[in-house]
Amino acid sequence: MNKMFVKILSLCLCLVLASGALVACGNKNDSYVIGLSGPLTGGASVYGTAVKNAAQLAVDEINAAGGLNGVNFTLLALDDQHDASKVATNYASMVDQGMHVSLGCVTSNPCLEFCTLSKADNVFFLTPSASANDVVKEDNAYQMCFADGNQGSVAADYVNGLGLTEIGIFYKSDDPYSQGIYEQFKANLNSSIKTVEALFTDANTSDFSAQIDTLKGCSFIFMPIYYTPASLFMTQAKGKVADNATYYGCDGFDGIESAEGFKIAEIPQKISMLSHFNSKATEGKAGDFIKKYTEKYGTETLNQFGAAAYDCVYAIYNAMKAAADAGENISPDMTASDLCEILKKQFNGGFSYSGATGENIKWQSSGFVDKTAIAYVIKEAN
Amino acid sequence: MDFLSALINGLSSGGTYAIIALGYTMVYGIAKMLNFAHGDVIMVGGYTMFLTLMALGHPLVALAAATVFCVILGVTIERLAYRPLRGASPLAVLITAIGVSFLLQSLAQIIFGSSPKMLVQLQISGGITLGALSIDYSTLLTLAVTAVVMVVLSLFVKYSKTGRAMVAVSEDRDAALLMGVNTNAIIAITFAIGSALAAIAGYLMLCKAPSLSNTMGAMPGIKAFTAAVIGGIGSIPGAMLGGILLGVVESISYSVPALAPFTDAVEFSILILVLLVRPSGILGKMRREKV
């Protein structure tokens, strides 16, 4: 080994040790730093912008009200362009800038990466909108939105509360997404509710006359499918399914109003989907949020992502406050890992929060959220 | 009543299968080859209608344009891909047909993208109500078109000069050639008729379900091929019978909750059953064939 190389190597090692020592001194910030990585530019930027805006709104409100026992919060939002490969850089930058706690990432794939990175340092995160089940596979990870895999039971809870005696179900039996939600829905549906079921297989199916025939007597049709076949079904069911019937879908319906060639205004039935936020609310906590958000940022980026982010910041703040009130020692110079343990104890210990995306929201220790779904109305009956 | 409406639905989708199956069966009967690209000709017809509708806006103009384009396409495919292989092993022709099928699907995907297009201009909604039973106009149209196509085609084959030449080529190509029949021309005409039928079938499919994608012809193509085999491939009434039978079985199976998830399996089981009892199909001619 040549001498020059040894010198450089030892210099490098010294630097590494020194930087380690700096980190170990603890946090140099005088405020609590909330890290966030999301698509602030690019195709998914409407989600990232909404989350950043809403989180900033919540942070400003908290600071204006005196922060946490006099200590302010700072939001650190970085752009990942919905690209998982940018997350590591963002994460390192957040750690450098003394992140205490995080909202994770806005979208699922980057958030999976974030989950792995944050587990290594034990940084607590509560994601507003990354819905993949695996996003919360580590114990430091929590979700504000419904996980993909829980939509079936959440939808069943909603339908159980409607007081219907008979519902129709239309699903795609060879698709894990649809079949999975269907099975979970059936398992959680009250046995007193009669179901009329129709299904299709093969992604190329486009003639749904047989299925429409089966379901035409139903006044409520649950459709855990993607919006392309759903829009086709609705187009063909015009004049057959009662005009005052309701179509109810899961997140697969998201974006149905802009499906190519689909004339949603010509569908007579009501179209709604499982959601946790009503973007047309005028009262309650959701209404308050909408008012404050649109005053500051306009209506263009108003969506459920922002509402969930607003709730995330407040939930974290409330949990920290509850822990401080219970005698835990919380200060800006503590490490993210210590704060994570305190927050985990709160979130796993029956902490509940009410906000724009639900009342009395609780968390399972798995990280999944427990709250009541609402039917977000995409289009009212004509 | 549920059974009755399932039956009528079945007649309607069966009618579409029958028209597609006619294309398979005529080409098989006369050129002795399975044209697996037939289903994709339907798709090309669909996109032609889409483009014409965008430009001119009238459904019947679109249908006419699609028919003409499909005929040209069918004859071109025959000329470029299949005629050079006349006399080659049936396997080579079969693989070529599958290749043409993929070529058409991929071209459509490159040109139009893979996301389905809605073609609501073609959709025929509404229907007549008879008591508790309601029948769509599109169903009536399909049934009427199917009946007309079958009658016209039977008369054409039986009485016209070209039709009789087709029968002659079908029975013995070499003998027909010796009798002065231009077999190449007859086969080209067969492809032209088959492709025109594919365009009509595409129109009927889009009347009911206005969704256009590059793979829209694949499954109906396979179902119609099954129908043609069930009815006896090579036989015109057989294709009609097989198509209607398959459509009815499909629709009834969808309406029975216990069978619904296995509808495709039920349909193809019918094929197996029929082939076990009558290896040449319900109306097929019994004859020994060297495979």
Side-chain angles (χ1 to χ4, degrees), chain A residues 168-175 178-179 182-183 186 194-218 226-243 255-268, chain B residues 1-2 4-10 12-13 16 39 43 46 50 113-121 123 125-127 134 136 138-139 142 204-223 247 250-258 260-265:
Chain A
I169 306 177
F170 180 51
Y171 69 105
K172 184 167 186 295
S173 65
D174 59 355
D175 177 5
S178 186
Q179 177 76 18
Y182 163 78
E183 281 169 9
K186 284 280 280 181
K194 212 178 133 235
T195 59
V196 180
E197 294 171 22
L199 56 87
F200 67 106
T201 55
D202 185 42
N204 295 318
T205 310
S206 58
D207 177 4
F208 294 127
S209 359
Q211 290 86 347
I212 291 169
D213 220 49
T214 310
L215 294 170
K216 67 185 173 199
C218 300
Y226 289 113
Y227 65 73
T228 308
S231 61
L232 205 50
F233 179 95
M234 292 171 193
T235 309
Q236 290 172 50
K238 261 190 285 184
K240 293 184 183 158
V241 170
D243 284 358
I256 191 168
E257 61 272 30
S258 44
E260 199 178 339
F262 179 49
K263 301 199 164 68
I264 194 166
E266 290 176 10
I267 304 296
Chain B
M1 202 52 78
D2 280 354
L4 210 57
S5 62
L7 188 71
I8 290 171
N9 262 329
S12 160
S13 51
T16 317
M43 175 271 298
F50 171 71
S114 56
S115 73
K117 294 191 190 312
M118 285 270 213
L119 213 55
V120 278
Q121 297 96 320
Q123 196 191 13
S125 41
S134 66
D136 291 353
S138 61
T139 303
T142 308
L204 293 174
M205 282 166 68
L206 290 169
C207 282
K208 278 198 293 182
S211 159
L212 191 58
S213 70
N214 69 319
T215 47
M216 68 176 278
M219 204 55 183
I222 290 182
K223 294 260 175 79
E250 178 183 80
S251 174
I252 290 177
S253 168
Y254 265 131
S255 71
V256 179
F262 309 106
T263 299
D264 285 346

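Residue numbering restarts at 1 for every chain, and letters A, B, ... go by the order of the sequence lines. Please read all numbers here as calculations on a predicted model, not as lab measurements.
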Review point. When only pairs under 4.5 Å are counted, which of Gln236(A), Lys240(A), Glu266(A), Lys263(A) shares the most heavy-atom pairs with chain B?
Key: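 Greatest number of close heavy-atom pairs with chain B: Gln236(A).
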
Exercise for review: Rounded to the nearest 0.5 Å, what's the gap from SG on Cys207(B) to CG on Leu119(B)? Could you check?
Suggested key: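 So the gap between those two atoms works out to 10.0 Å.
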
Point to revise | Thr235(A), part contacting chain B, at a heavy-atom distance under 4.5 Å | key: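 Both backbone and side chain of Thr235(A) come within 4.5 Å of chain B.
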
Check your understanding: For Lys216(A), is it the side chain, the backbone, both, or neither that has a heavy atom closer than 4.5 Å to a heavy atom of chain B?
Key -> side chain

Check your understanding: So what's closer than 4.5 Å to chain A heavy atoms on Thr215(B): side chain, backbone, both or neither?
Key ->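 Both parts, backbone and side chain.
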
Review point. Side chain, backbone, both or neither: which part of Pro257(B) has an atom under 4.5 Å from a heavy atom of chain A?
Key: neither

Is [X] reaching over with its side chain to a backbone N or O of [Y], donor-acceptor style, under 3.5 angstrom?
X	Y	result
Ser178(A)	Asp174(A)	no
Ser12(B)	Thr139(B)	no
Gln211(A)	Leu199(A)	yes

Point to revise | Residues in residues 227-234 of chain A near chain B [non-hydrogen atoms, under 4.5 Å] | key: Thr228(A), Ser231(A), Leu232(A)

Exercise for review: Would you please indicate yes or no on a ring centroid separation below 6.0 angstrom for Phe200(A) and Tyr254(B)?
Suggested key: no

Practice item. Just give me the residue among Ala260(B), Ser251(B), Pro220(B) that pairs up with chain A most often, heavy atom to heavy atom, under 4.5 Å. Key: Ala260(B)

**Study point:** Side-chain heavy atoms of Ser211(B) within contact of Met216(B), under 4.5 Å
**Key:**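 When only atoms from C-beta onward are counted, Met216(B) and Ser211(B) do not touch, as no gap falls below 4.5 Å.
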
Exercise for review: Determine whether Thr201(A) and Thr263(B) make a side-chain contact, defined as any pair of heavy atoms from C-beta on separated by less than 4.5 Å.
Suggested key: no

Review point. So, Lys208(B) versus Ser209(A): side-chain donor-acceptor pair below 3.5 Å or not?
Key: no

